[in-house]
Amino acid sequence: MRLICSLTSPYARKIRVVLAEKALTFELVEDIPWNDSTRVPDFNPLGKVPALVADDGSIWFDSPVIAEYLDVMHPSPQMMPADRQAALPVRQSEALADGIIDAAVLAFLERSRPQELRSQANIDRQYGKIERGLNALASRLEATDGLNRGQLSIADVAAGCALGYLDLRFPDVDWRNGRAGLAEYGEALLSRPSFRASAPPG
Ligand SMILES: N[C@@H](CCC(=O)N[C@@H](CS)C(=O)NCC(=O)O)C(=O)O
């Protein structure tokens with residue numbers, strides 16, 4: 001298997017964590033989709049990482065689908081309940097964590113534009129999504145609603161990648177502050193070997 005990814009992408013980190021937790025070997029192909037020389041569109045017409053090239057040559061994107069593919073092909077340890085009803089809260093929590101990442105990535109991109117083109121209103125809007133998303137994540141965690149249910153799920157993986165990405169790009173968000181349960185949960189996730197091995201370069 002080959003994983004096309006950038007080393008800082010939190011979506012790609014989800015898949016790197018899943019591959020590590022399932023003890024699957026793969027070739028990591030680093031490709032930054034923003035570079036002129038990128039070959040990412042050869043694998044994903046949307047030009048985004050991660051993309052997975054399976055051993056049979058099939059190509060998969062985006063991160064929820066790749067995770068699903070890996071869970072179907074390599075079910076142990078299982079990251080998504082096979083029962084569709086039991087899977088719903090896990091999918092919802094994964095979507096929430098992915099949505100926090102979406103907002104953080106958009107805020108990062110906006111923040112990176114030249115001052116005269118930058119929209120503070122857009123940055124503030126994304127910060128609002130991040131804050132509300134974190135509060136919802138903390139509530140779902142407290143209710144074990146698709147999160148922290150004993151066996152690591154794809155929602156837990158997505159949550160860890162969202163929190164790790166905030167540490168990387170938005171230390172000012174201070175997601176641990178006032179969210180003790182989320183802080184403890186996040187530390188436990190980020191200290192797993194699979195997360196440590198996929199930590200973004202500093
Ligand atoms: N929903 C996608 C999002 C993937 C995504 O947006 N990846 C970013 C890197 S963090 C990317 O490749 N951006 C390039 C672009 O938007 O052109 C997933 O979960 O895989």
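We count ligands from 1, going down the list as the structure has it; atoms in each ligand are counted the same way.
Nearest non-hydrogen protein atom to atom 19 (O) of ligand 1 is Ser63 OG, 2.6 Å. Protein heavy atom nearest atom 1 (N) of ligand 1, with residue, atom name and distance: Asp62 OD2, 3.0 Å. Nearest protein neighbour of atom 14 (C) of ligand 1, counting heavy atoms only, is Trp34 CZ2, 3.5 Å.
Residue contacts with ligand 1, taken as heavy atom pairs separated by less than 4.0 Å, involve Pro33 solely via side-chain atoms from C-beta onward. When heavy-atom distances to ligand 1 are checked against a 4.0 Å cut-off, Ala12 has no atom that comes that close, whether in backbone or side chain. In Phe61, neither the side chain nor the backbone holds a heavy atom less than 4.0 Å from any atom of ligand 1.
Taking 4.0 Å as the cut-off between side-chain N and carboxylate O, Glu68 and Arg91 count as a salt-bridged pair. Classification of Asp156 and Arg192 as a salt-bridged pair fails, no side-chain N sitting under 4.0 Å from a carboxylate O. In summary, Lys129 and Asp102 do not engage in a salt bridge, as defined by a charged side-chain N under 4.0 Å from a carboxylate O. Ion pair Arg179/Glu131 flagged as a salt bridge, since at least one NZ, NE, NH1 or NH2 atom sits closer than 4.0 Å to an Asp/Glu carboxylate oxygen.
Within the 4.5 Å cutoff, side-chain heavy atoms of Pro81 are placed close to those of Val90. Using a 4.5 Å cut-off on side-chain heavy atoms (C-beta onward), Leu147 and Leu137 make contact. Side-chain atoms of Val72 and Tyr69, non-hydrogen and from C-beta on, never get closer than 4.5 Å to each other. Under the 4.5 Å side-chain criterion, counting only non-hydrogen atoms from C-beta, Met1 is not in contact with Glu27.
Considering both main-chain and side-chain atoms, Ser9 never comes within under 3.5 Å of ligand 1 through any nitrogen or oxygen pair. The shortest N or O to N or O distance between Pro10 and ligand 1 is not below 3.5 Å. At a 3.5 angstrom cut-off on N or O pairs, Tyr11 does not count as close to ligand 1.
Within the 4.0 Å heavy-atom shell around ligand 1 one does not find Asp98. Distances shorter than 4.0 angstrom occur between a heavy atom of Pro64 and an atom of ligand 1.
Every atom of ligand 1 is numbered from 1 in the order shown, and the set under 4.0 Å from a heavy atom of Gly47 is 14 (C), 17 (O). Those atoms of ligand 1 with a heavy atom of Pro50 less than 4.0 angstrom away are 20 (O).
Within the set Val49, Asp102, Val65, the minimum heavy-atom distance to atom 8 (C) of ligand 1 is found for Val49.
Under the 6.0 Å distance and 45° angle rule, Arg111 counts as a cation-pi partner of Phe170.
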